[in-house]
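Have a look at the structure below, then the notes.
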Amino acid sequence: MEKVRVRFAPSPTGYLHIGGARTALFNWLFARHVGGVLVLRIEDTDVERSTQEATQQILDSMKWLGLSWDEGPFYQSQRYDLYKRRAQELLESGAAYKCFCTKERLEAMREKAAREKKDFIYDGTCRNLTPDEVKAKESAGESYVLRFRIPAAGETVFRDAIAKDVRFENALLGDFVIMRADGHPTYNFCCVVDDADMKITHVVRAADHISNTPRQILIYQALREPIPQFAHVPLILGPDKSKLSKRHGAASVMEYAADGFLPEAVFNYLALLGWSPGNDEEILPKEQLISRFDLYGINHVNAVFDIAKLRWMNGMYLRAMPKEEAIQRVIEYMPSKGIHPAQYDAVWLAGIIALEIERAETLSELVAHLHYYFRDDFPYDEEGARKIAKKGSIADGLQMAREALSGVAEFSIEAMESAMRQYTEERNIGFGKIAQPVRLALTGGLASPGLFEVMHLLGKEKCMARIERAILFFKEKNL
RNA sequence: GCCCCCAUCGUUUAGCGGUUAGGACACCGGCCCUUCAAGCCGGCAGCAGGGGUUCGAAUCCCCUUGGGGGCACCA
């Protein structure tokens with residue numbers, strides 16, 4: 001069997017969004033699974049909208065996700081000679097023709113069609129111009145585009161690897177433009193020319209290209225090139241079931257990086273959105289995905305992007321990786337949240353992070369949980385305070401804690417625990433009665449890692465100061 | 001409007017003629033416990049509808065409905 005060659009061909013008109021990333025990912029998995037080649041091609045023939053920054057963003061996003069490519073990136077803007085040559089072939093064989101219709105005229109036709117609620121199909125005004133007529137218009141300086149001549153009858157059928165047989169009536173396709181008046185080729189044309197030139201065997205792309213496929217197949221035929229296998233992957237939808245876009249919030253890959261998601265979790269989640277290994281397994285690292293992936297196992301249905309499940313999976317990855325590595329990821333992430341790790345003791349920093357690893361799903365959430373280590377003047381969770389005050393005075397609890405801790409010289413976890421346990425047992429009061437007020441005093445909230453770990457990491461001085469501050473505050477509030 | 005694709009819990013999926021329709025996320029209980037989380041146990045919840053085919057349909061066919069995508073000198 002010939003070597004499998006696939007491609008990912010984004011257009012640099014914006015960041016790499018989640019849908020595009022998944023298409024790239026499916027291509028990547030397929031290529032790796034069969035030992036094929038992945039070609040990266042930048043489709044920048046739209047000079048108006050393509051930008052260098054977008055290209056860079058796309059490359060960065062792919063790298064972040066770990067999607068490597070074997071050939072490229074190739075830029076269509078640098079391959080115009082090829083497109084011109086191929087277009088000339090079509091012109092000579094009669095598969096394409098020069099069309100002198102003005103944009104204005106076409107626009108009017110489009111409007112008319114819309115008004116009459118009809119499908120707009122190019123009416124073929126220039127389809128059968130005689131060579132003399134063409135020559136006359138050209139020498140008159142009229143600009144023209146190249147249109148592809150669609151066979152008037154018959155239908156174009158293809159067997160998609162994911163959908164099944166798809167058929168389109170040629171008559172409904174309409175002669176479409178392959179070369180603009182300014183000499184830039186259009187998508188449907190250079191896509192085919194490149195896929196043929198790059199010997200692409202499988203075109204794996206989003207389902208919104210299904211309706212382009214018959215046009216492209218006709219071009220392959222006119223060019224006398226072999227037709228690749230097509231695989232149209234269903235779209236990713238937002239919660240409202242429309243195609244996922246920025247309206248739905250974070251849609252770009254790099255936003256997920258910024259929001260503290262791990263690339264391996266995003267990778268795993270995306271792979272499972274529209275594909276499944278055929279059983280119930282879900283946490284599948286890259287190697288597993290590569291060996292299990294199968295193009296034909298891709299679902300036929302659009303999938304709704306579920307951020308909650310991504311978060312859960314991110315948490316799974318965070319907790320499953322070696323502690324030191326997770327800590328390292330958090331440290332690397334901190335500067336983006338205004339915390340500069342170099343300013344702190346490395347062991348201490350690792351300590352506070354380690355305690356939060358299983359209490360957070362994303363890096364940003366984890367860093368947010370750490371706030372009370374970096375500032376002293378945090379506000380208290382007032383609602384929570386009222387809640388625990390119902391079970392007993394917060395100020396009283398704090399004063400008891402202060403007393404219990406007064407004899408503890410060394411703020412070790414063991415020493416504090418035994419001092420406080422002993423204190424509460426001797427007086428026959430619930431441990432929570434003083435633990436929760438202390439938690440509130442030290443962290444501002446009612447949710448934190450184990451109290452003694454926190455106290456140990458905060459140090460005696462800060463703990464006592466915070467308890468004092470809270471005693472005053474809650475006395476004042478009568479809580 | 002026209003063309004095309006699709007249809008199992010709220011979401012994501014397993015199922016490929018005979019199952020008490022399974023898992024995961026979310027949600028709701030419980031256990032654990034100094035709180036939160038994690039973990040464990042349990043619960044809620046689905047084959048869009050209608051016709052066929054068949055001894056037997058979530059599984060095959062048709063129609064309806066619903067959802068999505070596409071209809072550019074964008075990609």
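Just so it is clear: chains get the letters A, B, ... in the order the sequence lines come, proteins before strands, and each one is counted from 1.
A straight line from CG of A:Leu366 to P of B:A37 spans 15 Å, rounded to a whole angstrom. Between A:Asn188 atom CG and B:C73 atom C1' the separation is 13 Å, expressed in whole Å. Rounded to an integer number of Å, the gap from CG of A:Leu273 to P of B:C25 is 16 Å. The distance between atom CG of A:Asp208 and atom P of B:G70, rounded to the nearest whole Å, is 5 Å. Atom C1' of nucleotide B:A75 and atom OH of A:Tyr187 are separated by 6 Å, given to the nearest angstrom. Nucleotide B:U11 holds its P atom 16 Å from the CD atom of A:Glu282, rounded to whole Å.
The residue A:Cys101 sits close to a base: some heavy atom pair falls under 4.0 Å. No contact: A:Ile178 has no heavy atom under 4.0 Å from any strand. A:Arg421 comes within 4.0 angstrom of a nucleotide base, judged by non-hydrogen atoms across all strands. Using a 4.0 Å heavy-atom criterion, one finds that A:Lys433 contacts no nucleic acid atom at all. No contact: A:Leu173 has no heavy atom under 4.0 Å from any strand. Among the protein residues, A:Ile210 comes within range of the sugar-phosphate backbone only, with heavy atoms under 4.0 Å from sugar or phosphate atoms but none that close to a base. Residue A:Lys103 is classed as a base contact, given a heavy-atom separation below 4.0 Å to a base. Residue A:Leu172 is in sugar-phosphate contact alone, with no base atom involved, counting any heavy-atom pair closer than 4.0 Å across all strands shown. Here A:Gly278 lies in heavy-atom contact (under 4.0 Å) with sugar-phosphate atoms only. Counting non-hydrogen atoms under 4.0 angstrom, A:Arg311 reaches nothing in the nucleic acid. Among the heavy atoms of the strands lying under 4.0 Å from A:Pro449 is at least one base atom, whether or not backbone atoms are also near. The residue A:Phe431 sits close to a base: some heavy atom pair falls under 4.0 Å. Among the heavy atoms of the strands lying under 4.0 Å from A:Gly274 are primed sugar atoms or P, OP1, OP2 only; no base atom is included. Counting any heavy atom pair closer than 4.0 Å across all strands shown, A:Val166 reaches sugar-phosphate atoms only and no base atom.
Among all heavy-atom pairs drawn from A:Met416 and A:Leu405, the shortest one is CG-CD2, 4.1 Å.
A salt bridge links A:Asp123 and A:Arg105; the closest N-O separation between the charged side-chain nitrogens and carboxylate oxygens is under 4.0 Å. A salt bridge links A:Asp46 and A:Arg49; the closest N-O separation between the charged side-chain nitrogens and carboxylate oxygens is under 4.0 Å.
When the side-chain nitrogen and oxygen atoms of A:Asn299 are compared with OP1 and OP2 of B:U13, one or more of them lie within a distance under 4.0 Å. Contact check, A:Arg167 against B:C3: no side-chain N or O comes under 4.0 Å of OP1 or OP2. Contact check, A:Lys241 against B:G66: no side-chain N or O comes under 4.0 Å of OP1 or OP2. OP1 or OP2 of B:A14 lies within a sub-4.0 Å distance of a side-chain N or O belonging to A:Ser276. For the pair A:Thr45 and B:A75, the criterion of a side-chain N or O lying under 4.0 Å from OP1 or OP2 is met. Applying the 4.0 Å criterion to OP1 and OP2 of B:A72, one finds that A:Arg49 has every side-chain N and O outside that range.
Between A:Trp275 and the choices A:Phe293, A:Tyr296, A:Phe26, the ring-ring contact (aromatic ring centres under 6.0 Å, His included) rule is met once, by A:Phe293.
A donor-acceptor pair under 3.5 Å is absent between the side-chain atoms of A:Arg79 and the main chain of A:Tyr75, judged by distance alone. Side-chain atoms of A:Asn268 never come within 3.5 Å of backbone atoms of A:Glu264 as a donor-acceptor pair (strictly under, hydrogens ignored). Distance alone, capped at 3.5 Å, is enough to place a donor-acceptor pair between the A:Arg427 side chain and the A:Tyr423 backbone. Side-chain atoms of A:Thr55 come within 3.5 Å of backbone atoms of A:Thr51 as a donor-acceptor pair (strictly under, hydrogens ignored).
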Below 3.5 Å between N/O atoms, which protein atoms pair up with nucleotides 17-21 of chain B? Just atom names and distances, please.
none

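One N or O donor and one acceptor, one from the side chain of A:Lys309 and one from the base of B:A24, sit under 3.5 Å apart. In this model, a side-chain donor or acceptor of A:Asn212 finds a partner on the base of B:A75 within 3.5 Å. Residue side chain A:Asp280 reaches the base of B:G22 through a donor-acceptor N/O pair under 3.5 Å, judged by distance alone.
Comparing the P positions of B:G30 and B:A38 gives an interatomic distance of 16 Å, to the nearest angstrom. The gap from the C1' atom of B:C5 to that of B:C41 amounts to 43 Å, rounded to the nearest Å. Look at the C1' atom in both B:G10 and B:G46: the space between them is 10 Å, to the nearest Å. Rounded to the nearest Å, the gap between the C1' atom of B:C6 and that of B:U13 is 16 Å. Comparing the same atom, C1', in B:G17 and in B:U11 gives a spacing of 29 Å after rounding to whole Å.
With a 3.5 Å ceiling on both atom-pair distances, the Watson-Crick or G-U wobble partner of B:C71 is B:G1. Summarising the base pairing, B:A21 is matched to no nucleotide, lacking a Watson-Crick or G-U wobble pair whose two defining distances lie under 3.5 Å. With a cut-off of 3.5 Å on both Watson-Crick or G-U wobble distances, the partner of B:U54 is given as none. Base pairing analysis places B:G42 opposite B:C28; the two distances defining the Watson-Crick or G-U wobble pair are each below 3.5 Å.
Contacts classified as side-chain hydrogen bond (donor to acceptor under 3.5 Å, both in side chains) and involving residues 298-310 of chain A (residues at least two apart or in different chains) are given here: A:Glu282-A:Lys309.
Partners of A:His184 according to the ring pair (Phe, Tyr, Trp, His ring centres under 6.0 Å) rule, which considers only residues two or more places apart in sequence or in another chain, are A:Tyr80.
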